[in-house]
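Okay, structure first, notes after.
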Amino acid sequence: MDYDVEKYRSDYPILCRTVYGKPLVYLDNTASTQTPRMVVDTVTDMYYKHKANVHRGVHALSQEATAMMEATRRRVRDFIGAESEREIIFTRGTTEAINLVAASYGELLSEGDEVILTVMEHHANIVPWQLLRDRKGIVIKVVPMLPDGSLDMDAFRGLLSPRTRVVSVAHVSNVLGTVNPVAEIISLAHEAGAVVLVDGAQAIAHKEVDVRRLDADFYCFSSHKMYGPTGVGVLYGRESLLEKMPPYQGGGEMIAHVAFEHTTYAELPFKFEAGTPDYVGIAALHTAVDYLTGIGVEPISAHEHDLLRYTTERMMEIPRMRIFGTSPDKCAIISFLIGDAHHYDTGMLLDKLGFAVRTGHHCAQPLMQALGVEGVVRASMALYNTRSECEAFVKALHRVASMLG
Ligand code: PMP
């Protein structure tokens with residue numbers, strides 16, 4: 001495999017730093033990936049040369065900034081295989097994208113309509129639907145999982161009913177790493193007359209995504225998890241659905257004409273983009289997409305799978321190691337506990353040895369409850385992690401395990 005991980009690593013100045021005098025091994029990629037130099041360069045370039053508010057300006061700078069923002073929209077359209085840039089809405093992130101759909105598409109639902117979620121959803125894909133339940137009296141149903149952390153598809157089929165209006169599901173679980181069979185879920189949901197939102201936060205940088213091939217109705221993700229800047233996200237929505245949906249927020253940019261008596265709204269996608277967007281971040285997202293596709297999502301995925309396989313096998317040799325999520329189709333996310341040791345103690349000791357992992361409930365408290373734990377330690381890999389980092393990680397885990405008795 002001609003995957004030049006050392007070359008890619010040199011794109012990330014942060015990977016050269018130390019913590020507590022030890023080389024940093026960054027394994028918190030599920031929370032946020034690091035940002036390559038070229039993406040930061042776009043941010044700097046934008047501030048130094050092109051900064052002006054978008055869409056409203058007649059002057060050159062504003063036109064340049066607008067052109068950069070709209071170029072990103074087309075780039076994202078092509079990246080995820082959407083039909084039209086009218087279907088690409090910029091948000092602050094996955095969370096805002098899901099809130100948008102729950103609030104706006106939710107307006108089209110009535111009391112007793114059903115929304116199906118899964119037990120492994122992030123709070124971002126639970127709470128917006130609960131807010132809708134409080135407002136509209138919808139019913140939330142939850143798909144359970146099998147012992148290996150894959151979805152119980154028989155249970156899913158059983159939950160579909162003539163009242164199912166929305167199925168909202170993670171493409172990849174941020175805790176278990178499970179890759180959910182979203183194409184099958186979408187096809188079953190469509191047969192039942194429901195629309196499907198796919199939370200792609202953990203998939204977009206690790207799997208090829210084609211919203212048309214999936215036949216997804218909504219697909220969303222965050223830039224900071226795909227080597228892009230913070231503060232930006234994307235909601236893809238099928239144009240025919242977005243057309244029917246009322247605006248999510250009101251303000252500048254999203255209107256056609258405003259009078260105190262009556263206001264009309266802008267065309268798609270601007271109807272859903274009230275206020276000044278993070279046009280600097282959006283411009284830099286373009287660079288992140290170019291970067292990701294330049295290396296190739298498939299080679300990245302193969303590299304990460306190699307690290308996942310190696311690290312999982314070596315971790316299993318550690319006495320009392322408990323790994324949560326062993327589904328055959330999973331991304332490079334390893335959640336674990338060492339015996340009954342508290343996740344926080346394990347994470348803290350690893351931190352002191354230079355390993356950045358995340359501990360806690362990972363914004364998935366219902367999943368923690370289903371697993372019967374309060375929290376877990378999570379290590380997750382990205383395109384720049386190496387086999388020797390994983391070797392060092394396993395060695396550190398042996399040490400931590402013996403320290404924790
Ligand atoms: N869904 C999933 C599966 C996630 O992993 C995350 C981030 N941890 C989110 C939603 C929320 O993303 P953001 O905080 O960028 O809005």
Side-chain angles (χ1 to χ4, degrees), residues 26-35 76 89-103 115 117-131 142-143 145 149-151 166-182 185 196-207 209 216 218-236 248 277-278 281-282 284-285 288 304 324-325 327 329-335 356-368 370 375-382:
Y26 187 77
L27 294 173
D28 192 19
N29 295 289
T30 302
S32 272
T33 50
Q34 295 299 342
T35 315
V76 169
I89 296 160
F90 291 119
T91 65
R92 284 193 300 121
T94 306
T95 303
E96 191 179 48
I98 300 173
N99 274 278
L100 189 162
V101 176
V115 173
L117 308 176
T118 83
V119 69
M120 65 183 80
E121 296 313 313
H122 188 280
H123 296 163
N125 195 23
I126 298 174
V127 185
W129 302 106
Q130 292 176 319
L131 295 173
V142 182
V143 187
M145 63 182 179
S150 52
L151 274 188
V166 179
V167 176
S168 195
V169 57
H171 196 164
V172 174
S173 158
N174 67 314
V175 175
L176 306 164
T178 308
V179 180
N180 286 319
V182 286
I185 290 170
V196 180
L197 181 152
V198 182
D199 170 355
Q202 295 304 340
I204 195 70
H206 311 280
K207 294 197 71 66
V209 170
F218 301 103
Y219 195 101
C220 54
F221 49 92
S222 302
S223 155
H224 68 99
K225 294 182 197 285
M226 54 183 293
Y227 312 98
T230 58
V232 185
V234 170
L235 170 66
Y236 158 80
Y248 169 53
D278 182 354
I282 292 170
L285 174 59
E304 292 170 351
F324 300 89
S327 123
D329 196 2
K330 73 175 272 190
C331 281
I333 296 173
I334 309 176
S335 287
V357 294
R358 193 153 286 248
T359 62
H361 56 64
H362 309 281
C363 297
Q365 284 181 337
L367 175 59
M368 294 300 126
V376 293
V377 188
R378 181 183 70 191
S380 49
M381 289 85 172

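The structure displayed is predicted, hence computed values, not measured ones. When a ligand or atom number is given, it counts from 1 through the structure's own listing order. Just so it is clear, the values below take in all heavy atoms, side chains as well, and ignore hydrogens, waters and symmetry mates.
Not counting sequence neighbours, the partners of Thr30 by the side-chain hydrogen bond (donor to acceptor under 3.5 Å, both in side chains) test are Ser380. With sequence neighbours excluded, the residues satisfying side chain to side chain contact (heavy atoms under 4.5 Å, CB included) with Asp28 are Tyr26, Ala31, Arg358, Arg378.
At a threshold of 4.5 Å between non-hydrogen side-chain atoms, the residues Tyr219 and Val209 count as touching. Residues Leu285 and Met226 are in side-chain contact: their nearest non-hydrogen atoms beyond the backbone lie under 4.5 Å apart.
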Quiz prompt | Step-by-step side-chain hydrogen bond (donor to acceptor under 3.5 Å, both in side chains) determination, His171 to Gln202 | solution = CA-CA 7 Å; His171 196 164; Gln202 295 304 340; over 6 Å; no

If you look at each N/O of ligand 1, which protein N/O atoms lie under 3.5 Å away, and at what distance?
{"residue": "ligand 1", "atom": "1 (N)", "partner": "Asp199", "partner atom": "OD1", "Å": "3.3"}
{"residue": "ligand 1", "atom": "1 (N)", "partner": "Asp199", "partner atom": "OD2", "Å": "2.5"}
{"residue": "ligand 1", "atom": "5 (O)", "partner": "Gln202", "partner atom": "NE2", "Å": "2.7"}
{"residue": "ligand 1", "atom": "8 (N)", "partner": "His122", "partner atom": "NE2", "Å": "3.3"}
{"residue": "ligand 1", "atom": "8 (N)", "partner": "Lys225", "partner atom": "NZ", "Å": "2.8"}
{"residue": "ligand 1", "atom": "15 (O)", "partner": "Ser222", "partner atom": "OG", "Å": "2.7"}
{"residue": "ligand 1", "atom": "15 (O)", "partner": "His224", "partner atom": "NE2", "Å": "2.7"}
{"residue": "ligand 1", "atom": "16 (O)", "partner": "Thr94", "partner atom": "N", "Å": "3.4"}
{"residue": "ligand 1", "atom": "16 (O)", "partner": "Thr95", "partner atom": "N", "Å": "2.9"}
{"residue": "ligand 1", "atom": "16 (O)", "partner": "Thr95", "partner atom": "OG1", "Å": "2.5"}

Please output the side-chain donor-acceptor pairs of residues 174-181 that fall under 3.5 Å, not counting sequence neighbours, one pair per line with the distance.
{"residue": "Asn174", "atom": "ND2", "partner": "His362", "partner atom": "O", "Å": "3.0"}
{"residue": "Thr178", "atom": "OG1", "partner": "Gly149", "partner atom": "O", "Å": "2.6"}
{"residue": "Asn180", "atom": "ND2", "partner": "Ala170", "partner atom": "O", "Å": "2.8"}

